[in-house]
Amino acid sequence: MLDLNFVRDNLPLVEEKLRQRGMNPADVLKDFHALDTERRQAITQNETLQARRNRASEEIAKLKKSGQDATALIQETKDLREQIQTSEKKAADAEVRLREILTAIPNLPHASVPVGTSAEQNVEARRWGSPPQFDFKPKPHWELGEELGVLDLERAAKISGARFAVYWALGARLERALSNFMLDLHTRDHGYTEVLPPYMVNSESMYGTGQLPKFASDLFRVPHGEKDLWLIPTAEVPVTNLYRDEVLDAAGLPISLTAYTPCFRSEAGSYGKDVRGIIRQHQFQKVELVKFARPENSYDELEELTRNAEAVLQQLGLHYRVMTLCTADMGFSSAKTYDIEVWLPGQGLFREISSCSNFEAFQARRANIRYRPEGKNKTELVHTLNGSALAVGRTWVAILENYQQADGSIRIPEALQPYMGADKIPARST
RNA sequence: GGAGAGGUGGCCGAGUGGUUGAUGGCUCCGGUCUUGAAAACCGGCAUACCUGAAAGGGUAUCGGGGGUUCGAAUCCCUCCCUCUCCGCCA
């Protein structure tokens, strides 16, 4: 959420940034200006009435103390009460409508974000390694997984449905090895603290990180008594909300957390997209990095967080490129995003395996996460950042496709071998 | 699931209908003292919103919502959360 005063005072800038995102400012802002005025008038009127009532009440107290009659004044405040109830409702109404508009405004792209109209205009920031060379035609992971007996989509469909997967034997072990390897790397070498959060959260948390109210259809909702719980679409939600409504110790910033969790996404509206293999699933696992940073250096933290995610791919020897998302391709809450795309030789393309974003104060304002700068009495909103490091399922895919051998086996990269307890996934003997 | 206790400012903790936004302590900030620091002492310190050029003025907030009352941190209803005991349970 943007700051109300900021939007009011910088309307032309906000409109320009919305256009850069490919949106029509009029559709997003609607009658913001009129509503803003209406809201303030309603509040002023309401508070004027309340002030009158308060003065009368004080007067009544004085009269009663000195034993005088206060009947007339009491009657007056009774009348006032009805007027106040009306004006209160009017003010609350305007507040709600204005807030609806405000919460629907996406974050403004940072000045360093390339302006573009589609994903085509994302800018490659850098590229690491080189694609592996094959003297045979590399296969996609869904063929490899089936031939090796480590991936079972048929039975997953039977027990759950489309967009679910069952991993068998060394396939299951590879998932576990990857997640352990990533968590160890981030906690040991990159200074992150590991957390294991709940996989279901309440609506307030989904609101805090921006999934609600706009994107409910992307989520799995779990009815629970009067209220709903939601399956987390990313660890970003529970981990960022850890500090919702808190004032953080300035000396402790930045706070760097990592979490391995399953992620659940309804993928409504993506029918027919990525139907082969396990690229797009209702449930996948991910190691997430989350940072709470001071505003003045949050962009340095974004660079570091992105490098931390890249380190996973480097240690696994996987070729990748880093893309700076253009204004049109960024998520709703983000001010700047880097996507890391890993090379998948079986499909002959780069595929997103991580997305690292700085949300600046956008989430912190919604979730009310603040800190007190040294020497100041006022609190300030922190900046929140997060990125996948990495999406484990897609890393699993990258290992299979990049390390497939002519004999049908999969070589395990050295860094992963202690976690696998093996140097390859052998081809089936048949 | 049953019974009971409790939720007050960044933290701890008073306060049961009328200048209580709220005593006190801690933290933090400024100052005095000190070679420097600590200690001690003095002073300051909630948040949001409305209004105003500013100084200032105003309104709301004692877990959330609703009610009683001229007036609620204080009384009533309801929801949420925490703790203790019992039951059940991985």
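These numbers come from the heavy atoms of this one structure, side chains and all, not from hydrogens, waters or symmetry mates. All figures in this text were calculated on a predicted structure; none of them were measured in a lab. All chains are named by letter (A, B, ...) in the order of the sequence lines, taking the proteins before the strands, and each is independently numbered beginning at 1.
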* Residue Glu414(A) excluded, over 12 heavy atoms near CD under 6.0 Å -> no

* Separation of Leu144(A) CG from Leu400(A) CG (nearest 0.5 Å) -> 5.5 Å

* Taking the P atom of each, how far is A22(B) from G36(B), in whole Å? -> 38 Å

* Any chance the side chains of Tyr299(A) and Glu360(A) put a donor and an acceptor closer than 3.5 Å? -> yes

* Tell me whether the OP1 or OP2 atom of C81(B) has a side-chain N or O from Asn202(A) closer than 4.0 Å. => no

* Asked: Under 6.0 Å between the ring centres of Trp230(A) and Phe264(A)?
  -> no

* **Salt-bridge present (Glu38(A), Arg97(A); N to O < 4.0 Å)** => yes

* To do: Whole angstrom is fine here: how far is it from CD in Gln85(A) over to P in G66(B)?
  => 11 Å

* Asked: Is it the case that Asn241(A) and Arg244(A) place a side-chain donor and acceptor less than 3.5 Å from each other?
  -> yes

* Got a sec: does the CD of Glu154(A) have more than 12 other heavy atoms crowding it under 6.0 Å? -> no

* Look at the side-chain N and O atoms of Arg55(A) and state whether any lies under 4.0 Å from the OP1 or OP2 oxygen of U19(B). => no

* To do: Answer yes if the side chains of Asn358(A) and Ser298(A) hold a donor-acceptor pair under 3.5 Å, and no otherwise.
  => yes

* To do: Rounded to the nearest angstrom, tell me the gap between atom CG in Asn368(A) and atom P in C49(B).
  => 11 Å

* Whole angstrom is fine here: how far is it from CZ in Arg365(A) over to C1' in U47(B)? => 16 Å

* Whole-Å P distance, G10(B) and G66(B) -> 23 Å

* Asked: So what does Gln50(A) hit on the nucleic acid, given a heavy-atom distance under 4.0 Å: a base, only sugar-phosphate, or nothing?
  -> sugar-phosphate

* Close aromatic pair by centroid cut-off 6.0 Å: Phe332(A) and Phe362(A) -> yes

Protein and nucleotides 70-76 of chain B: nitrogen or oxygen contacts under 3.5 angstrom:
{"unit_1": "C70(B)", "atom_1": "O4'", "unit_2": "Thr77(A)", "atom_2": "OG1", "d": "3.1"}
{"unit_1": "C70(B)", "atom_1": "O2'", "unit_2": "Ser57(A)", "atom_2": "OG", "d": "3.3"}
{"unit_1": "C70(B)", "atom_1": "O2'", "unit_2": "Thr77(A)", "atom_2": "OG1", "d": "3.0"}
{"unit_1": "C70(B)", "atom_1": "N4", "unit_2": "Lys64(A)", "atom_2": "NZ", "d": "3.3"}
{"unit_1": "G71(B)", "atom_1": "O4'", "unit_2": "Ser57(A)", "atom_2": "OG", "d": "3.3"}

* Which whole number of Å gives the distance between the P atom of U51(B) and that of G2(B)? -> 49 Å

* Atom pair distance, as rounded to whole Å: CG in Leu98(A) and P in C49(B) -> 12 Å

* Separation of the C1' atoms in C76(B) and U68(B), to the nearest angstrom -> 7 Å

* Structure fact -> The single option from Thr384(A), Thr306(A), Thr337(A) that satisfies side-chain hydrogen bond (donor to acceptor under 3.5 Å, both in side chains) with Ser357(A) is Thr337(A)

* To do: Report which part of the nucleic acid Arg370(A) touches: base, sugar-phosphate, or nothing (heavy-atom distance under 4.0 Å, all strands).
  => nothing

* Asked: How close or far is atom C1' of C50(B) from atom CG of Leu49(A), stated in whole angstroms?
  -> 14 Å

* What interatomic distance, in whole Å, is found between C1' of U8(B) and the corresponding atom of G24(B)? -> 14 Å

* Asked: For atom P, what is the distance between G25(B) and G43(B), given to the nearest Å?
  -> 11 Å

* **N/O (side chain, Asn46(A)) to phosphate O (OP1/OP2, U59(B)) under 4.0 Å** => no

* Structure fact -> In whole angstroms, the gap separating P of A48(B) from CZ of Arg366(A) amounts to 19 Å

* When Watson-Crick pairs (N1 to N3 and N6-O4 or O6-N4) and G-U wobble pairs (N1-O2 and O6-N3) count only below 3.5 Å on both distances, what is the dot-bracket string of RNA chain B, with | for other-strand pairs? -> ((((((((.[[[..)..(.....]]].(((((.......))))).((((((....)))))).[[[[[..)....]]]]])))))))....

* Figure out the CD1/C1' separation between Ile369(A) and G10(B), and round it to whole Å. => 16 Å

* Inter-nucleotide P distance (C81(B), G30(B)), Å rounded -> 42 Å

* Asked: Which whole number of Å gives the distance between the P atom of G9(B) and that of A3(B)?
  -> 30 Å

* Asked: At under 4.0 Å between heavy atoms, what does Arg8(A) touch on the DNA or RNA strands: base, sugar-phosphate, or nothing?
  -> sugar-phosphate

* **Intermediate values then yes/no, ring pair (Phe, Tyr, Trp, His ring centres under 6.0 Å), His383(A) and Phe292(A)** => CA-CA 6 Å; His383(A) 281 190; Phe292(A) 302 83; over 10 Å; no

* Asked: Can a side chain N or O of Arg40(A) be found less than 4.0 Å away from OP1 or OP2 on U51(B)?
  -> yes

* Asked: To the nearest angstrom, how far is Glu47(A) atom CD from G52(B) atom P?
  -> 13 Å

